[in-house]
Participant: 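Sharing a structure here in structure tokens format.
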Amino acid sequence: MNKSEITVRAATPEDQEVFLEMLCEFARYEQIEPPDEAGKQRLIADGFGEQRRFEVLIAEAGVRAAGYAIIYEIYSSFLARPKLYIEDLYVRPEFRGRGVGRALFEACALESERRGFDRMQWYVEDWNESAVSFYQQMGAHRLNWQTWQLDCGRLAKK
């Protein structure tokens, strides 16, 4: 597949169904439970509603949806500058190794630059060696920070 056959564009409300399909495919690839119906409705409201919390980019190979990325802004207090955060970057298996991931990643970088940001940031699962290799080839480097999470309502009271 040559580069001219791959396009990346901002998702529109008409892309909601294919976006959810790909997101569920990605969840299965990551070996996690995909969102339930209520979660899917929140995703649509938060990504396509009036007060969007994130943006979706859709990669197409020819006329087929080949992948997506979810992006939003975060802020670095140490840099005193915003950054673009990539929540998901997913390429359907049949399109891997054909330039779709690169096109999506480059579209994220271009969007970051368009907004005047100096950096992008994202997480990669330790086991996902192909993603680690891909990002290294793109010139990214690993940060040595640990990821922590607290589920609301579970604050330790000591």
Participant: Within the supplied structure, the quantity of interest is the number of heavy atoms (other residues, nucleotides, ligands) at a distance under 6.0 Å from Trp127 CH2; does it exceed 12?
Facilitator: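 Buried by this count: over 12 neighbours within 6.0 Å.
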
Participant: Excluding sequence neighbours, so at least two apart, what forms side chain to side chain donor-acceptor pair (under 3.5 Å) with Gln136?
Facilitator: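 Result, side chain to side chain donor-acceptor pair (under 3.5 Å) vs Gln136: none returned.
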
Participant: Under 3.5 Å, sequence neighbours excluded: what are the donor-acceptor pairs made by side chains of residues 28-35?
Facilitator:
none

Participant: Please list, chain by chain and in numerical order, all residues satisfying side chain to side chain contact (heavy atoms under 4.5 Å, CB included) with Ala38, sequence neighbours excluded.
Facilitator: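 In terms of side chain to side chain contact (heavy atoms under 4.5 Å, CB included), with neighbours along the sequence ignored, Ala38 is linked to Asp36, Arg42.
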
Participant: Side-chain heavy atoms under 4.5 angstrom apart, residues restricted to Ile, Leu, Val, Met, Phe, Trp, Tyr: same cluster for Leu110 and Ile71?
Facilitator: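 They do not share one cluster, since no chain of ILVMFWY contacts under 4.5 Å joins Leu110 to Ile71.
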
Participant: Go through the structure and list residues passing salt bridge (Lys or Arg N to Asp or Glu O under 4.0 Å) with Arg64, not counting sequence neighbours.
Facilitator: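 If we apply the salt bridge (Lys or Arg N to Asp or Glu O under 4.0 Å) test to Arg64, skipping adjacent residues, the hits are Glu94.
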
Participant: Would you kindly confirm whether Met22 and Ile86 end up in one hydrophobic cluster when ILVMFWY residues are joined by side chain heavy atoms under 4.5 Å apart?
Facilitator: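 No: no chain of side-chain contacts under 4.5 Å links Met22 to Ile86.
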
Participant: Counting distance only, does the side-chain N/O of Tyr75 pair as donor-acceptor with the main-chain N or O of Ala80 below 3.5 Å?
Facilitator: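 At least one qualifying donor-acceptor pair exists.
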
Participant: If you take all heavy atoms of Val100 and Ala59, which pair is closest and at what distance?
Facilitator: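 That would be CG1-CB, 3.7 Å.
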
Participant: Atom CG in Asp15, atom OH in Tyr68: separation rounded to 0.5 Å?
Facilitator: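 Here the rounded value is 13.5 Å.
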
Participant: To the closest 0.5 Å, what do you measure between CG (Asn128) and CZ (Phe134)?
Facilitator: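 Here the interatomic distance stands at 11.5 Å.
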
Participant: Distance check, rounded to the nearest 0.5 Å: Leu23 atom CG versus Glu21 atom CD?
Facilitator: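 If we round to the nearest 0.5 Å, Leu23:CG and Glu21:CD are 11.0 Å apart.
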
Participant: Got a sec, which residues hit side chain to side chain contact (heavy atoms under 4.5 Å, CB included) with Glu73, two or more places apart in sequence or on another chain?
Facilitator: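 Result, side chain to side chain contact (heavy atoms under 4.5 Å, CB included) vs Glu73: Arg115, Phe117.
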
Participant: Filter on salt bridge (Lys or Arg N to Asp or Glu O under 4.0 Å), then keep only pairs touching residues 118-131, sequence neighbours left out; what's left?
Facilitator: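 Output for this query lists Arg81-Asp118.
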
Participant: If you look at every heavy atom in Val56 and Ile58, which pair is closest and at what distance?
Facilitator: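 The answer is CG1-CD1, 4.0 Å.
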
Participant: Locate the shortest heavy-atom distance separating Tyr123 from Tyr85; write the atom from each residue and the value.
Facilitator: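 Heavy atoms only, the tightest pair is CD1-OH, 2.5 Å.
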
Participant: Identify, with sequence neighbours excluded, every residue that meets side chain to side chain contact (heavy atoms under 4.5 Å, CB included) alongside Arg114.
Facilitator: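 If we apply the side chain to side chain contact (heavy atoms under 4.5 Å, CB included) test to Arg114, skipping adjacent residues, the hits are Glu111.
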
Participant: Please determine whether residues Met138 and Met120 belong to a single hydrophobic cluster, defined as Ile, Leu, Val, Met, Phe, Trp and Tyr linked transitively by side-chain heavy-atom distances below 4.5 Å.
Facilitator: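 The answer is yes; both residues are in one hydrophobic cluster.
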
Participant: Who pairs with Glu25 by side chain to side chain donor-acceptor pair (under 3.5 Å), at least two apart in sequence or on another chain?
Facilitator: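 For Glu25 the side chain to side chain donor-acceptor pair (under 3.5 Å) partners, ignoring immediate neighbours, are Tyr90, Arg92.
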
Participant: Starting at CD1 of Ile70, measure out to CZ of Phe26 and round the result to the nearest 0.5 Å.
Facilitator: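 Going from CD1 on Ile70 over to CZ on Phe26, the span is 9.0 Å.
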
Participant: So how far is it from Glu60 CD to Ile6 CD1, rounded to the nearest 0.5 Å?
Facilitator: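 Atom-to-atom, Glu60:CD and Ile6:CD1 are 11.5 Å apart.
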
Participant: Which residues satisfy the side chain to side chain donor-acceptor pair (under 3.5 Å) test with Glu87, sequence neighbours excluded?
Facilitator: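 Glu87: side chain to side chain donor-acceptor pair (under 3.5 Å) contacts with Tyr72.
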
Participant: For Arg52, enumerate each residue passing the side chain to side chain contact (heavy atoms under 4.5 Å, CB included) test, keeping only those at least two apart in sequence or located in another chain.
Facilitator: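 Here the qualifying residues are Glu55.
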
Participant: Can you name the closest pair of heavy atoms from Ala65 and Val18 and give their distance?
Facilitator: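 Nearest pair, atom of Ala65 first, then Val18: CB-CG2, 3.5 Å.
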
Participant: Side chain to side chain contact (heavy atoms under 4.5 Å, CB included), that's the test. Do Glu106 and Val8 meet it? Break it down for me.
Facilitator: CA-CA 9 Å; Glu106 288 174 351; Val8 178; over 6 Å; no

Participant: Measure across Cys108 and Leu57 and return the closest heavy-atom pair with its distance rounded to 0.1 Å.
Facilitator: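 Of all heavy-atom pairs spanning Cys108 and Leu57, the closest is SG-CD1, 4.0 Å.
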
Participant: Which pairs pass ring pair (Phe, Tyr, Trp, His ring centres under 6.0 Å) with one or both residues in residues 37-66, sequence neighbours excluded?
Facilitator: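 Pairs touching residues 37-66 that pass the test: Phe19-Phe48.
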
Participant: Holding to side chain to side chain donor-acceptor pair (under 3.5 Å), I want the full list of residues that pass it with Asp151, two or more places apart in sequence or in another chain.
Facilitator: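 Asp151: side chain to side chain donor-acceptor pair (under 3.5 Å) contacts with Gln149.
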
